[in-house]
Chemist: 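Once you've had a glance at the structure underneath, I'll fire off some questions.
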2 protein chains.
Amino acid sequence: MSILKRKKEEESTEQKIITAARKLFTQKGFDAVKTRDIAEEAGINLALLNYYFRSKEKLFEIIMGESLETFFLGFSNIVNDEKTTYTKKIEQIVSNYIDMLLKSPDTPLFVMNQVRANPKRIEAKKIFMNSYFMKQLQAGIKTGEIAPMNVVNLMLNIVSLSIFPFIGRPIFQAGEGSITDEQFIELMMERKKMIPKWIEATLKVK
Amino acid sequence: MSILKRKKEEESTEQKIITAARKLFTQKGFDAVKTRDIAEEAGINLALLNYYFRSKEKLFEIIMGESLETFFLGFSNIVNDEKTTYTKKIEQIVSNYIDMLLKSPDTPLFVMNQVRANPKRIEAKKIFMNSYFMKQLQAGIKTGEIAPMNVVNLMLNIVSLSIFPFIGRPIFQAGEGSITDEQFIELMMERKKMIPKWIEATLKVK
DNA sequence: GTCTATATACGGATAGAC
DNA sequence: GTCTATCCGTATATAGAC
């Protein structure tokens, strides 16, 4: 049996624990998850969890770090690219978030909860306010191409339209006669196309 | 001393516990809150909590019920009023949510977490799909006054723009050079005026 | 109704055999 | 590296005095 084959079939114990922890922590948050649950989900023994990662907290920090990265890294790269127009950047931000969230739908609620519980240095606003994107928008307002508006509100609009549906998803999908997972994905694909157009329209509103 | 005066000065013990529980549960969620914290916050003894509300869970259910009501009740009333135009309804939904959230900013995150952890019969989608508002929108699409679009996406846009800023607030306000509470409120007041206009603009997008 | 003291269970972490 | 058994602090809940 080749080494590659083994790697695919037999995830390392360490990796199995990480995978289980990611699933449970992002779904339920730190306090609601028991280390015993993680061990069971990973198919290993509780003692092994402490053998690999000294404590529940250490393990949590690893998962949190991953999530913050997925949540902010792509954004930061897009928004500082000096070669793209602001219109293109809007498309990229929306597309980036929707693609990411279709893969990791629990990330935003997880991150929001954690940031509120433990307000660390996130500096999302700083990243945005100092970005090249920001300069392009202000230039657009100066030339009159964009109606005068608070750029923070513009940014809020872009992320709200992209992210909120994933946060509210449990509500739309609760109860009978709700949309299926396939319908939800379809809806999000339509949003990926439409949000940039909707945002464009708001740029003309006085 | 009049009865009214007494009521104002001396909140009943039961009420003190509810108030403390509301504050802590909405801020941190069920698992992160200890009954001892609630007792301390309420300025009473731990045993009293169990004397009035048999258990932590019973107490939580009361708070959760309150929150669900504030979150959905106003919405349901607005959306089924047969005397207002759809334009007016959009204004009212936005205004209603922003006013409510300025008073209870922790509600959405609390409700979203809870619904995901324990998907009960919320039927938000049903309320919307069967509403008079819905009929008005479809009529508008038929006459061409509104560009053809998925009405679920329209609804998502209205609530996303109104609610998300409150969910993401910890992120914008984390770190240095962030906006103050006053600036945040000002921003939301501007959104209250502008969101209906922005939504109007999206209704013309093909 | 309100308190102090306590029963009981649970969850995180470790000891020690294999 | 992986397991079983167990320790120990903490959290919910109750008993019983006042």
Side-chain angles (χ1 to χ4, degrees), chain A residues 1 3-67 110 113-114 117-118, chain B residues 1 3 5-66 110 113-114 117-118:
Chain A
M1 192 193 289
I3 291 173
L4 275 172
K5 188 106 185 281
R6 275 194 77 225
K7 269 192 181 167
K8 261 207 162 168
E9 281 174 4
E10 301 166 27
E11 210 181 5
S12 75
T13 301
E14 199 174 345
Q15 201 52 50
K16 274 192 282 190
I17 297 173
I18 293 254
T19 304
R22 183 186 302 119
K23 177 177 168 186
L24 293 176
F25 278 140
T26 53
Q27 267 177 23
K28 314 204 212 184
F30 183 82
D31 292 285
V33 171
K34 291 164 250 179
T35 48
R36 283 172 169 81
D37 297 341
I38 299 176
E40 191 185 353
E41 174 78 28
I44 52 102
N45 185 277
L46 168 61
L48 270 184
L49 190 149
N50 288 297
Y51 173 76
Y52 281 103
F53 312 88
R54 244 172 60 78
S55 72
K56 184 186 179 185
E57 285 204 337
K58 294 272 181 204
L59 184 50
F60 181 79
E61 279 166 26
I62 291 170
I63 306 299
M64 193 65 227
E66 281 183 6
S67 292
F110 178 59
N113 280 321
Q114 180 55 19
N118 196 350
Chain B
M1 191 195 288
I3 291 175
K5 189 103 182 285
R6 274 195 79 223
K7 268 193 182 168
K8 261 205 162 170
E9 279 175 6
E10 301 167 27
E11 209 180 5
S12 75
T13 301
E14 198 173 346
Q15 201 53 51
K16 274 193 283 190
I17 298 173
I18 293 255
T19 305
R22 183 186 303 118
K23 177 178 168 187
L24 293 177
F25 278 143
T26 52
Q27 268 176 24
K28 313 201 209 188
F30 183 82
D31 293 284
V33 172
K34 291 164 251 180
T35 49
R36 281 173 169 83
D37 299 341
I38 299 176
E40 192 185 354
E41 174 78 26
I44 53 101
N45 186 277
L46 169 60
L48 271 182
L49 191 149
N50 288 295
Y51 173 77
Y52 282 104
F53 312 88
R54 243 174 60 79
S55 72
K56 183 185 178 185
E57 284 206 338
K58 295 272 181 205
L59 184 51
F60 181 80
E61 279 166 26
I62 291 170
I63 306 298
M64 192 65 228
E66 280 184 8
F110 178 59
N113 279 321
Q114 181 54 19
N118 196 350

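Reckoned from all heavy atoms, side chains included, excluding hydrogens, waters and symmetry mates. Quick note on labels: first sequence line is chain A, next is B, and so on, each numbered from 1.
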Chemist: Are B:Ile18 and B:Phe53 close enough, and set up right, to give a side-chain contact (heavy atoms from CB on, under 4.5 Å), and what steps lead you there?
Modeler: CA-CA 10 Å; B:Ile18 293 255; B:Phe53 312 88; 3.7 Å; yes

Chemist: Whole angstrom is fine here: how far is it from CZ in A:Phe53 over to C1' in D:dG1?
Modeler: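 So the two atoms are 14 Å apart, to the nearest Å.
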
Chemist: Strictly below 4.0 Å: does A:Thr13 bring a side-chain N or O up to OP1 or OP2 of D:dT2?
Modeler: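 A:Thr13 to D:dT2 OP1/OP2: side-chain N or O found under 4.0 Å.
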
Chemist: Could you tell me how far apart B:Asn45 (CG) and C:dT6 (P) are, to the nearest whole angstrom?
Modeler: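 My rounded result for the distance is 15 Å.
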
Chemist: Report the distance from atom CG of B:Asn50 to atom P of D:dA11, rounded to the nearest whole Å.
Modeler: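 B:Asn50 atom CG is separated from D:dA11 atom P by 15 Å.
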
Chemist: Measure centre to centre between the rings of B:Phe60 and B:Phe25, then say whether the value is under 6.0 Å.
Modeler: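 Yes; B:Phe25 has its ring centre under 6.0 Å from that of B:Phe60.
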
Chemist: According to a strict under-4.0 Å criterion, is A:Thr35 in side-chain N/O contact with OP1 or OP2 of C:dG11?
Modeler: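 Checking A:Thr35 against C:dG11: no side-chain N or O falls below 4.0 Å of OP1 or OP2.
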
Chemist: Taking the side chain of B:Tyr51 as its heavy atoms from C-beta onward, which of C:dG1, C:dC3, D:dT4 lies nearest to it?
Modeler: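 Nearest listed nucleotide: C:dG1.
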
Chemist: How long is the gap from CG on B:Asp37 to NZ on B:Lys28, to the nearest 0.5 Å?
Modeler: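 It comes to 6.0 Å.
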
Chemist: Please work out if A:Tyr52 contacts a base, only the sugar-phosphate, or nothing of the nucleic acid, heavy-atom cut-off 4.0 Å.
Modeler: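 Sugar-phosphate, no base atom in range.
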
Chemist: Closest approach to the side chain of B:Leu46, judged atom by atom: which nucleotide of D:dG1, D:dA13, C:dT2 is it?
Modeler: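 Out of D:dG1, D:dA13, C:dT2, the nucleotide with an atom closest to B:Leu46's side chain is D:dA13.
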
Chemist: Can you figure out which of D:dG1, C:dT4, C:dA15 approaches the side chain of A:Ala47 most closely?
Modeler: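 It is C:dA15.
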
Chemist: For the residue pair B:Ala39 and B:Asn45, what are the closest heavy atoms and their distance?
Modeler: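 In this case the closest contact between B:Ala39 and B:Asn45 is CB-C, 4.0 Å.
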
Chemist: Taking atom P of D:dT14 as reference, at what distance in whole Å does atom CZ of B:Arg54 sit?
Modeler: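 Atom-to-atom, B:Arg54 to D:dT14, this comes out as 6 Å.
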
Chemist: Would you kindly give the CG-to-P distance between A:Leu48 and C:dG12, to the nearest whole Å?
Modeler: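 Value for this atom pair: 16 Å.
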
Chemist: Using atom CZ of B:Phe30 as one end and atom P of C:dC10 as the other, report the distance to the nearest whole Å.
Modeler: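 That distance rounds to 14 Å.
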
Chemist: Applying a 4.0 Å non-hydrogen cut-off, can you work out what A:Arg36 is touching in the nucleic acid: base, sugar-phosphate, or nothing?
Modeler: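 Result for A:Arg36 = base.
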
Chemist: Looking only at atom types and distance, does a side-chain atom of B:Lys56 sit under 3.5 Å from a main-chain N or O of B:Leu49, one as donor and one as acceptor?
Modeler: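 Flag not set: sc B:Lys56 to bb B:Leu49 has no pair under 3.5 Å.
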
Chemist: How many whole angstroms separate atom CG of B:Asp31 from atom C1' of D:dA11?
Modeler: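 It is 12 Å, rounded to the nearest whole Å.
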
Chemist: Rounded to the nearest angstrom, tell me the gap between atom CZ in A:Phe60 and atom P in C:dG11.
Modeler: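 Taking atom P of C:dG11 as the reference, CZ of A:Phe60 is at 18 Å.
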
